[in-house]
Amino acid sequence: MKTIFLFLITGFEEIEALATVDVLRRAGLSVRTVSLTGERTVTGSHGIPVVADVLFEEVDFGEAEMLVIPGGTPAFDGHEGLKREVLAFYGAGGRVAAICASPMVFGGLGILRGRKATCYPGFEKYLQGALLATERAAVVDGNVITGRGPGLTLDFALTLVGVLAGEEKCREVASQLLVE
């Protein structure tokens, strides 16, 4: 089974990271959290420490099914190794997803040119070349998925389930979560 890698860096948005992991695992998908800090424990934007499954340096990106970047901080955009792997994975036809501020990573890499995308209000200027759909909770355009922000994380995560496991599994997980 391929693995979904979700990245953590100091200041990440806890809701976006942890709720997404939770929903994907409820769907039976393989998810591993990846620390970009060189340490297993990464502290989120609200002071919650989270122990990552693996360090960035340990990841075999050949096992990836999807790369997911939560928001909370523009620090993801400053991690050159992450950007290199995202661009290579996307370039090989892989699925990439980001929510909140993090679609800026895709914008800076040119991944959003001509694609529909959404992000946290105020970060639109970083989505170079995107066709903005900022009123939507989550947007799928080909192999790129973007989400708007923390309060819409379940929509984003369920969208990922739909893309990866199908609409029936998405409805099943949504029902378990009492999401209509």
Side-chain angles (χ1 to χ4, degrees), residues 3-27 29-59 61 63-86 89 95-109 111 117-127 134 136-139 144-161 163-164 173-174 176-179:
T3 300
I4 301 156
F5 292 108
L6 184 139
F7 300 95
L8 304 175
I9 200 165
T10 303
F12 72 91
E13 173 55 60
E14 293 96 339
I15 291 173
E16 294 165 356
L18 300 178
T20 299
V21 169
D22 178 281
V23 170
L24 292 169
R25 288 184 179 170
R26 285 173 191 260
L29 298 166
S30 174
V31 184
R32 300 199 75 197
T33 55
V34 179
S35 171
L36 298 174
T37 68
E39 302 289 331
R40 291 255 187 219
T41 301
V42 185
T43 302
S45 61
H46 298 93
I48 302 170
V50 174
V51 179
D53 297 314
V54 295
L55 299 177
F56 179 76
E57 297 77 14
E58 300 169 336
V59 174
F61 286 97
E63 297 176 0
E65 179 173 15
M66 178 183 278
L67 304 181
V68 182
I69 310 172
T73 175
F76 288 106
D77 196 43
H79 194 284
E80 294 304 319
L82 172 64
K83 293 193 301 189
R84 181 179 59 252
E85 293 299 338
V86 164
F89 187 70
R95 292 182 175 122
V96 294
I99 185 171
C100 195
S102 291
M104 74 186 304
V105 174
F106 300 165
L109 294 172
I111 290 173
T118 192
C119 64
Y120 192 81
F123 282 82
E124 298 87 355
K125 63 187 172 194
Y126 300 108
L127 307 188
T134 53
R136 300 203 23 220
V139 176
V144 178
I145 302 104
T146 52
R148 192 149 182 225
L152 301 168
T153 300
L154 288 179
D155 295 295
F156 174 73
L158 288 167
T159 298
L160 299 183
V161 170
V163 167
L164 295 168
V173 173
Q176 293 168 3
L177 295 169
L178 304 178
V179 173

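Being a predicted model, the structure only gives us computed values, none of them experimental.
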- Item | Worked check of side chain to side chain contact (heavy atoms under 4.5 Å, CB included) between L177 and R26 | CA-CA 10 Å; L177 295 169; R26 285 173 191 260; 3.6 Å; yes

- Message: If you define the side chain from C-beta out and look only at heavy atoms, does anything of C119 sit under 4.5 Å from M104?
- Response: no

- Task: Could you tell me whether a side-chain N or O of S102 sits under 3.5 Å from a main-chain N or O of P70, the two making a donor and an acceptor?
- Result: yes

- Task: Begin from the C-alpha positions of F76 and L36 and carry the test side chain to side chain contact (heavy atoms under 4.5 Å, CB included) through to its verdict.
- Result: CA-CA 9 Å; F76 288 106; L36 298 174; 3.8 Å; yes

- Query: Roughly how far apart are R32 CZ and L24 CG, rounded to 0.5 Å?
  - Reply: 15.0 Å

- Query: What's the spacing between F7 CZ and T37 OG1 if we round to 0.5 Å?
  - Reply: 13.0 Å

- Task: Can you measure from OG1 (T3) to CG (D53) and round to the nearest 0.5 angstrom?
- Result: 10.0 Å

- Query: Measuring from D155:CG to I99:CD1, what's the distance to the nearest 0.5 Å?
  - Reply: 8.5 Å

- Within-4.5 Å side-chain heavy-atom neighbours: V34 and L6: no

- Query: Distance-only, no hydrogens or angles: does the T43 side chain make a donor-acceptor pair with backbone N or O of G47 under 3.5 Å?
  - Reply: no

- Message: Just verifying a value: how many Å separate L152 CG and E16 CD, rounded to the nearest 0.5 Å?
- Response: 9.5 Å

- Heavy-atom side-chain proximity of P121 to R148 below 4.5 angstrom: yes

- Query: What's the spacing between L67 CG and L82 CG if we round to 0.5 Å?
  - Reply: 8.0 Å

- Task: For side chain to side chain contact (heavy atoms under 4.5 Å, CB included), just list the numbers for V23 and R25, CA-CA rounded to whole Å, side-chain angles, deciding distance to a tenth of an Å, and then say yes or no.
- Result: CA-CA 5 Å; V23 170; R25 288 184 179 170; over 6 Å; no

- Message: Could you check whether any side-chain heavy atom of I145 comes within less than 4.5 Å of a side-chain heavy atom of T159, counting everything from C-beta outward?
- Response: yes

- Query: Taking everything shown except F123 itself, do over 12 heavy atoms lie less than 6.0 Å from its CZ?
  - Reply: yes

- Task: Salt-bridge test for R40 and E58: reply yes if a basic N is under 4.0 Å from a carboxylate O, no otherwise.
- Result: yes

- Looking at V96, L127, T118, which hits side-chain contact (heavy atoms from CB on, under 4.5 Å) with T146? T118

- Query: Heavy atoms, side chains only, cut-off 4.5 Å: are I9 and T73 in contact?
  - Reply: yes

- Can you name the nearest heavy-atom pair linking V86 to L109, along with the distance? CG1-CD1, 3.9 Å

- Note on the structure: In L160, V21, T33, L29, the residue satisfying side-chain contact (heavy atoms from CB on, under 4.5 Å) with I4 is L29

- Nearest heavy atoms of M66 and A97, plus distance in Å: SD-CB, 4.1 Å

- Task: Test F89 against F61 for side chain to side chain contact (heavy atoms under 4.5 Å, CB included), laying out the working first.
- Result: CA-CA 8 Å; F89 187 70; F61 286 97; 5.6 Å; no

- Item | Minimum heavy-atom distance G38-L55, with the two atoms named | C-CD2, 3.8 Å

- Message: Main chain of I15, side chain of E13: is a donor-acceptor contact present, judged purely on distance under 3.5 Å?
- Response: yes

- Query: Do the rings of F56 and H79 sit parallel, tilted or perpendicular, given the 30° and 60° boundaries?
  - Reply: perpendicular

- Which heavy atom in S35 sits nearest to a heavy atom in E39, and how many Å separate them? OG-O, 2.5 Å

- Message: So V50 and F12, do their side chains get closer than 4.5 Å, heavy atoms only?
- Response: yes

- Item | Heavy-atom donor-acceptor pair, K83 side chain to G78 backbone, under 3.5 Å | no

